[in-house]
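Reminder, nothing fancy here: chain letters follow the sequence lines and each chain counts from 1.
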Number of protein chains: 2
Amino acid sequence: MRAINRFNVLDTIRRAGSIARIEISDRTQLSTTTVSAITASLLDDGLILARTEGDLREAAARGRPRVMLELNPDAARVVGAKIAANRMVFVVTDFRGEVLSTLTLALRVDRQPIGVIADLIEDGVRRCVVDANLALDEIDSVCLGLPGVIEHRTGHVRTSPIFREAGVDFAKEMSERLGVTTIVESDAHAITLAHHWFGKARDLDDMVLVSLEQTLGLGVLHGGQLFRGAGGLSHNLGDLVLGIGPQGTVRLASLAGESAILGDQPGGGRFAEAIRLGRGMAHAKTLIDAEDISLISAAIRAGEACGTALANIVTLFAPPRVILVGSSLALGQPFLDSLREAYSLAIPPSIKGVTELVFDQSTDETWAQGAAVVALRELYESPWGTTGPAPAL
Amino acid sequence: MRAINRFNVLDTIRRAGSIARIEISDRTQLSTTTVSAITASLLDDGLILARTEGDLREAAARGRPRVMLELNPDAARVVGAKIAANRMVFVVTDFRGEVLSTLTLALRVDRQPIGVIADLIEDGVRRCVVDANLALDEIDSVCLGLPGVIEHRTGHVRTSPIFREAGVDFAKEMSERLGVTTIVESDAHAITLAHHWFGKARDLDDMVLVSLEQTLGLGVLHGGQLFRGAGGLSHNLGDLVLGIGPQGTVRLASLAGESAILGDQPGGGRFAEAIRLGRGMAHAKTLIDAEDISLISAAIRAGEACGTALANIVTLFAPPRVILVGSSLALGQPFLDSLREAYSLAIPPSIKGVTELVFDQSTDETWAQGAAVVALRELYESPWGTTGPAPAL
DNA sequence: GTTATTTAATTCGCATTCCGTTAAAAATAC
DNA sequence: GTATTTTTAACGGAATGCGAATTAAATAAC
């Protein structure tokens with residue numbers, strides 16, 4: 001019970017960034033007395049800090065000035081990582097989720113043995129932690145965001161394009177290697193939480209995010225919580241069936257996955273080289289700008305498929321906002337236009353106007369930051385799983 | 001706080017049907033003292049009853065016999081209704097959700113003016129209440145389940161096959177007519193809750209239900225709560241796009257909707273007559289059994305479409321169980337077999353085995369009962385919206 | 001420069017609620 | 001009658017939250 005209120009207060013402080021006790025009491029509907037008690041305990045535990053300056057009310061501020069409270073950055077450190085087929089990005093963040101150090105490794109881990117991938121990740125985590133002038137035992141937890149179908153609760157990776165094997169207990173593996181609690185989560189879920197905390201969904205507790213990367217992922221936020229399937233399973237949009245063709249089922253991934261768009265490039269060419277370095281989409285963009293017919297048509301096909309699938313998702317979830325992220329957005333107009341057009345054709349009239357589409361080109365660092373947020377949330381989370389009653393009246 | 005515990009205790013009693021205090025204390029993790037206090041207050045308020053007999057432990061029950069507690073049926077009365085294009089079914093239930101009286105009206109309300117439909121519903125409610133030997137002012141609330149896209153919070157019907165108009169504030173209209181709080185809800189949501197309370201999902205707090213009726217509906221239960229979109233919007237599966245054909249988008253409804261399966265039957269025929277009376281699917285079944293080629297192929301087409309769409313839904317929600325209900329199930333083998341086959345083709349291997357398919361042929365009365373459950377839940381619901389912690393260890 | 005006013009935060013006292021323990025009462029089996 | 005089990009009752013302790021009064025810190029007014 002106190003735990004609930006404590007979490008609500010903490011979360012309110014996080015959302016506001018910097019806030020006075022009175023304001024907390026307003027937003028949480030708790031009495032000033034209770035807020036005072038809880039904030040005192042939070043101060044005591046070193047989770048928050050008091051700052052005398054910074055009262056931003058109208059200039060003419062009579063009365064006792066407010067004491068602004070904010071999260072104590074030093075209360076915890078976590079590592080977040082985005083693991084993709086051709087690059088890894090690590091960040092160390094503080095308790096606020098602010099980045100202390102970044103490390104990008106451009107290397108293709110695609111389909112290598114688990115041990116090799118784990119080695120690389122372990123190395124990246126360690127180096128990034130050192131870059132932040134920290135030691136590993138100062139890190140409270142680690143979260144790895146990777147593509148594929150992942151059980152969050154167990155850290156079990158059912159399938160992932162970066163693993164040869166299916167069914168890997170990756171969280172266990174990495175926890176043991178690092179000696180730090182390690183969470184494994186779908187990259188789409190990570191970026192979803194990043195948007196909820198810092199990005200284009202800060203104002204919403206309900207929204208849907210679609211990630212268009214090598215893998216097509218989905219994140220659904222419902223009541224401030226990630227909506228997960230049975231066992232905390234993440235979704236894989238690429239598995240959606242768009243229709244039945246002559247050669248069996250046509251899945252979204254086969255039309256809009258990265259490899260479907262970029263196609264099989266001859267091994268020695270510049271394009272293939274760019275793909276290997278994770279610049280495939282950027283390179284494709286330049287080719288599209290140069291009017292490369294086959295790429296343009298691939299982009300249009302992909303856009304149409306995505307738009308249709310997106311409409312179906314909106315039909316099912318009816319969120320107030322959908323955020324689209326991922327490397328495929330870099331394809332530019334042909335892709336985006338055909339996506340929008342297919343979407344507006346496919347969206348049923350009965351829910352027209354319910355959902356707003358937002359495109360966002362986040363950097364890889366943001367994804368890694370999202371993974372860090374996943375880790376932070378576990379530290380934050382109230383034992384009840386409530387995000388707390390909405391700001392209310 | 002006490003409100004939460006009170007709700008949990010009440011909900012535990014409801015789930016168990018009949019339960020002793022000790023058992024409640026076991027399941028809710030509350031002390032026997034607290035349970036005693038709460039049950040005393042519930043008894044006082046007349047929400048529950050004590051029954052001396054009925055201790056079902058092993059025959060050799062020494063010691064003081066348990067006093068079984070159960071919901072007091074007389075604590076409330078609600079009306080639930082299923083409104084379909086060619087029939088209306090009303091039930092009056094008690095506080096337990098048990099049916100006190102039923103009324104079926106076989107009439108085609110399809111596309112009549114709102115006023116006419118409202119008249120018929122009003123009449124049905126009143127008659128059903130009288131049949132239960134009650135007066136309308138003894139009814140605590142009414143819930144109407146109808147097909148279409150409906151905003152639960154406001155009772156605003158965005159679109160419904162039974163209304164000519166779009167955007168009708170039907171809850172308001174009916175509340176005024178009846179002088180009783182009236183809730184309007186999607187019929188699919190109603191049957192979903194019915195299964196959660198009484199049917200094939202009693203043991204689960206997470207599941208998905210797909211209703212294959214005139215309209216194709218969806219109900220998603222998540223953490224014991226209906227998952228609703230923005231504004232409490234219900235979903236309409238019929239709007240799902242299966243592909244892009246020559247004449248634009250192909251929606252599920254155009255392949256698997258009732259009218260798509262049964263086709264346009266000549267006005268005077270026996271089949272058309274059966275459809276008008278709501279026996280369309282049953283009649284179709286007899287024709288299929290008689291090897292009517294065109295119907296069989298329609299059923300197969302519909303089954304395939306449903307199976308594919310179902311796989312997509314499972315991909316997105318990954319529920320432990322999916323319950324399929326609705327009149328289309330009555331089509332029999334050709335439909336069910338092709339559905340199952342398309343489903344297993346389309347379900348991605350990465351989540352194979354996660355979801356169990358269950359078919360259920362509920363009567364219309366069950367649907368109406370589900371609507372009653374929607375009404376009862378509002379009476380029950382704790383102010384916090386928690387369904388309560390799971391039975392736990 | 002002192003006093004009044006205003007606003008923020010804390011302290012204090014009160015009420016509620018829950019839990020644990022203990023004890024008693026109730027109802028039945030042996 | 002005695003033992004066993006469930007239920008109720010009573011007391012103390014602890015935690016929490018709220019309201020009212022109090023203290024704190026600053027500006028405005030005189």
So which atom in [X] and which in [Y] form the shortest heavy-atom distance, rounded to 0.1 Å?
X	Y	value
Val78(B)	Ile139(B)	CA-CG2, 4.2 Å
Leu100(B)	Ala132(B)	CB-CB, 4.2 Å
Leu69(B)	Arg21(B)	CD1-CG, 3.7 Å

To the nearest Å, how far apart are [X] [atom1] and [N] [atom2]?
X	N	atom1	atom2	result
Asp26(B)	dT7(D)	CG	P	11 Å
Leu69(A)	dA8(C)	CG	P	13 Å
Ile38(A)	dG17(D)	CD1	C1'	9 Å
Gln29(A)	dG17(D)	CD	P	14 Å
Leu43(B)	dT7(D)	CG	C1'	12 Å
Leu42(B)	dT8(D)	CG	P	12 Å
Arg6(A)	dA15(D)	CZ	P	14 Å

Report task. Look at the rings of Phe317(A) and Phe227(A) and say which category their plane angle falls in: under 30° parallel, 30 to 60° tilted, over 60° perpendicular. Result -> perpendicular
Query raised in the report: Does Ser31(B) have a side-chain nitrogen or oxygen under 4.0 Å from the phosphate oxygens OP1 or OP2 of dC18(C)?
Result: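 For Ser31(B), the contact criterion (side-chain N or O under 4.0 Å from OP1 or OP2 of dC18(C)) is not met.
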Query raised in the report: Would one find a side-chain N or O of Asn5(A) under 4.0 angstrom from OP1 or OP2 of dT16(D)?
Result: no
**Report entry** salt_bridge(Asp203(A), Arg321(A)) N-O dist < 4.0 Å
**Finding:** yes
Query - Those residues that, when tested against Ala20(A), pass side chain to side chain contact (heavy atoms under 4.5 Å, CB included) (two or more places apart) - result: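 With neighbours one apart ignored, the set is Arg66(A), Met68(A).
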Query raised in the report: How would nucleotides 9-16 of chain C be written as a contact map, 5' to 3', with B for base contact, S for sugar-phosphate-only contact and - for no contact, using protein heavy atoms under 4.0 Å?
Result: SBBB----
